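Small disclaimer: the values here were computed from a predicted structure and weren't measured. Throughout, protein chains are lettered first and strands after them, A, B, ... in sequence-line order, and every chain is numbered starting at 1.
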Protein chains: 2
Amino acid sequence: MLAANIHRMARRREQTHARLVDTGLRLFAAQGYDATTVAQVAAAAGVTEMTFYRHFATKQDLVLDDPYDPLIESSIDQQPPGLDPLTRVVRAFRAVWRNLPESGNDDVRTRIEIIVATPSLRAGTWATTERTQQMLVDRLEADGTDRLSAVVATSVVLAALNAALLEWGRAGRGPLGPVISAALDVLEPRHG
Amino acid sequence: MLAANIHRMARRREQTHARLVDTGLRLFAAQGYDATTVAQVAAAAGVTEMTFYRHFATKQDLVLDDPYDPLIESSIDQQPPGLDPLTRVVRAFRAVWRNLPESGNDDVRTRIEIIVATPSLRAGTWATTERTQQMLVDRLEADGTDRLSAVVATSVVLAALNAALLEWGRAGRGPLGPVISAALDVLEPRHG
DNA sequence: GCGATGAATGTTAGCCGCTAACATTCGAGC
DNA sequence: GCTCGAATGTTAGCGGCTAACATTCATCGC
């Protein structure tokens with residue numbers, strides 16, 4: 001009965017939210033992101049355009065949604081502070097990936113495919129990662145890393161992950177794990 | 001008399017273009033990018049909104065303009081193909097920077113400061129770099145580098161440069177060269 | 001049960017980025 | 001001077017997004 005106690009009002013909101021995400025991703029995938037109107041998505045979800053914007057700040061946000069920061073945060077804290085910043089961030093993400101259930105839902109695939117096909121979304125991805133980057137930079141600076149090195153190390157690793165995701169989306173159907181791993185190997189070659 | 005023979009018609013176009021850039025950067029810097037309307041910039045430049053869009057595809061493009069690709073292209077070709085892709089791209093950019101006149105115009109500073117202050121522009125930067133990245137990836141693949149490594153190596157280096165530019169913009173007045181150099185050092189530590 | 005409260009949604013109006021189609025000015029060359 | 005074409009102007013409209021106000025509807029105290 002987990003989460004059965006949440007108020008029905010909140011449930012109602014979650015339901016429309018989920019309906020918007022489902023119909024949105026479906027329409028974007030079917031007829032293209034740019035060719036799909038927010039009004040269309042809203043109508044197909046049985047709701048008003050205004051309600052759409054009450055659930056997503058922008059049209060992009062329906063596609064670019066990722067609440068993985070907490071996982072990353074705890075992972076970076078568990079890395080030994082003696083390492084150089086780049087290696088440290090790389091290993092933090094390796095650990096995050098090891099502890100993640102392989103793939104989870106298929107939405108991820110759909111999302112990435114939409115992003116791959118849409119230039120404006122590819123750019124928009126970076127707005128999303130800025131939060132993550134800021135968090136990582138704070139962590140590194142707290143341990144004495146100078147600001148420039150911290151900023152460069154984090155933005156570089158996030159760029160590698162992003163590139164890996166896009167490549168994974170462009171290629172046919174395969175597991176994501178090895179692609180991520182190979183991308184990080186470019187920054188920290190495996191010695192062995 | 002260099003370039004004196006270009007038709008006056010083309011000169012006229014260049015002049016309005018320059019006027020748009022000047023007034024645009026001035027207004028963006030003074031009252032903020034988002035708070036400034038394309039119509040305002042056009043009017044201040046003594047021109048119509050439509051003319052603005054005949055010179056720049058989007059509002060962003062007035063700020064995000066960089067024709068450095070040719071320099072980079074020749075530099076990547078001069079790197080020995082034996083190196084691993086990351087080192088190769090890093091060294092190519094080190095060389096580009098050595099051969100560049102220190103700083104040049106002050107527009108760069110203004111542009112970066114506007115970008116630093118405007119989230120949507122920070123994201124938009126990546127749309128611009130996609131062209132550069134594609135070119136670099138093609139070069140690397142031509143020499144036998146596998147696609148993923150090529151994509152990751154280039155996107156990572158471009159991310160480092162971008163981070164360096166933003167940090168330089170955030171900090172007070174100093175030369176850009178050392179910041180770029182230090183950023184690249186994160187990816188290829190100096191041995192000596 | 002019933003009314004009151006507040007959350008979720010609806011309605012309307014409008015700004016701004018951007019595009020298309022058509023009209024106009026203005027410089028270059030005969 | 002006239003003609004051609006490039007640069008600019010005009011008008012109309014779509015789509016993303018916001019603000020201000022109205023409405024439905026589930027919950028809670030009574």
Side-chain angles (χ1 to χ4, degrees), chain A residues 3-21 23-25 27-28 31-65 114-115 118-124 127-128, chain B residues 3-21 23-25 27-28 31-65 114-115 118-124 127-128:
Chain A
N5 262 355
I6 53 178
H7 296 308
R8 296 252 167 76
M9 215 58 191
R11 271 196 80 83
R12 179 185 161 97
R13 187 175 164 79
E14 280 173 26
Q15 283 172 7
T16 52
H17 188 95
R19 229 165 47 232
L20 280 169
V21 170
T23 65
L25 291 184
L27 288 178
F28 291 159
Q31 61 187 37
Y33 175 84
D34 289 323
T36 305
T37 283
V38 169
Q40 285 180 34
V41 176
V47 106
T48 307
E49 191 180 350
M50 192 63 236
T51 296
F52 180 100
Y53 286 109
R54 290 220 177 81
H55 285 261
F56 307 96
T58 74
K59 186 186 176 187
Q60 295 197 351
D61 285 11
L62 190 151
V63 183
L64 310 173
D65 229 357
I114 295 171
I115 294 172
T118 314
S120 60
L121 283 180
R122 293 200 299 268
T128 304
Chain B
N5 263 355
I6 54 177
H7 297 308
R8 296 251 167 76
M9 215 59 190
R11 271 195 79 84
R12 181 186 161 94
R13 188 175 163 78
E14 281 173 25
Q15 283 173 7
T16 52
H17 189 95
R19 229 168 43 233
L20 280 170
V21 171
T23 65
L25 291 184
L27 287 178
F28 291 160
Q31 62 187 41
Y33 175 83
D34 289 322
T36 305
T37 284
V38 170
Q40 284 179 34
V41 176
V47 105
T48 307
E49 191 179 352
M50 192 63 237
T51 296
F52 180 100
Y53 286 109
R54 290 219 177 82
H55 285 262
F56 307 96
T58 73
K59 185 185 177 186
Q60 294 198 352
D61 285 10
L62 191 151
V63 183
L64 309 174
D65 229 357
I114 295 171
I115 294 173
T118 315
S120 61
L121 284 180
R122 292 201 298 268
T128 305

Are OP1 or OP2 of D/dA7 and a side-chain N or O of B/H55 less than 4.0 angstrom apart?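 False: B/H55 side-chain N/O out of range (4.0 Å or more) of D/dA7 OP1/OP2.
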
Expressed as a whole number of angstroms, how long is the span from [X]:[atom1] to [N]:[atom2]?
| X | N | atom1 | atom2 | result |
| --- | --- | --- | --- | --- |
| B/R19 | D/dT8 | CZ | C1' | 11 Å |
| A/L20 | C/dT9 | CG | P | 8 Å |
| B/E14 | C/dG27 | CD | C1' | 15 Å |
| B/R13 | D/dA6 | CZ | P | 11 Å |
| B/Q15 | D/dT8 | CD | C1' | 14 Å |
| A/F28 | D/dG15 | CZ | C1' | 13 Å |
| A/H17 | C/dA7 | NE2 | C1' | 17 Å |
| A/L62 | D/dG16 | CG | C1' | 14 Å |

Just jot down the side chain to side chain donor-acceptor pair (under 3.5 Å) partners of [X], sequence neighbours excluded, or say none.
| X | value |
| --- | --- |
| B/T118 | none |
| A/T16 | A/H55 |
| A/D61 | A/T58 |

Which heavy atom of B/Q60 sits nearest a heavy atom of B/Y33, and at what distance?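 Looking at all heavy atoms of both residues, the shortest contact is N-OH, 3.1 Å.
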
With sequence neighbours left out, write down each residue that passes ring pair (Phe, Tyr, Trp, His ring centres under 6.0 Å) with B/Y53, or none if nothing qualifies.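 Expected list: none.
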
Under 3.5 Å, which donor-acceptor pairs do the side chains of residues 34-50 of chain B form with other protein atoms, sequence neighbours left out?
unit_1, atom_1, unit_2, atom_2, d
B/T36, OG1, B/Q31, NE2, 3.1
B/T36, OG1, B/G32, O, 2.6
B/Q40, OE1, B/Q31, NE2, 2.7

With the sugar-phosphate defined as primed atoms, P, OP1 and OP2, and the base as all remaining atoms, what B/S/- string results for nucleotides 10-17 of chain C, 5' to 3', for protein heavy atoms under 4.0 Å? BB----SS

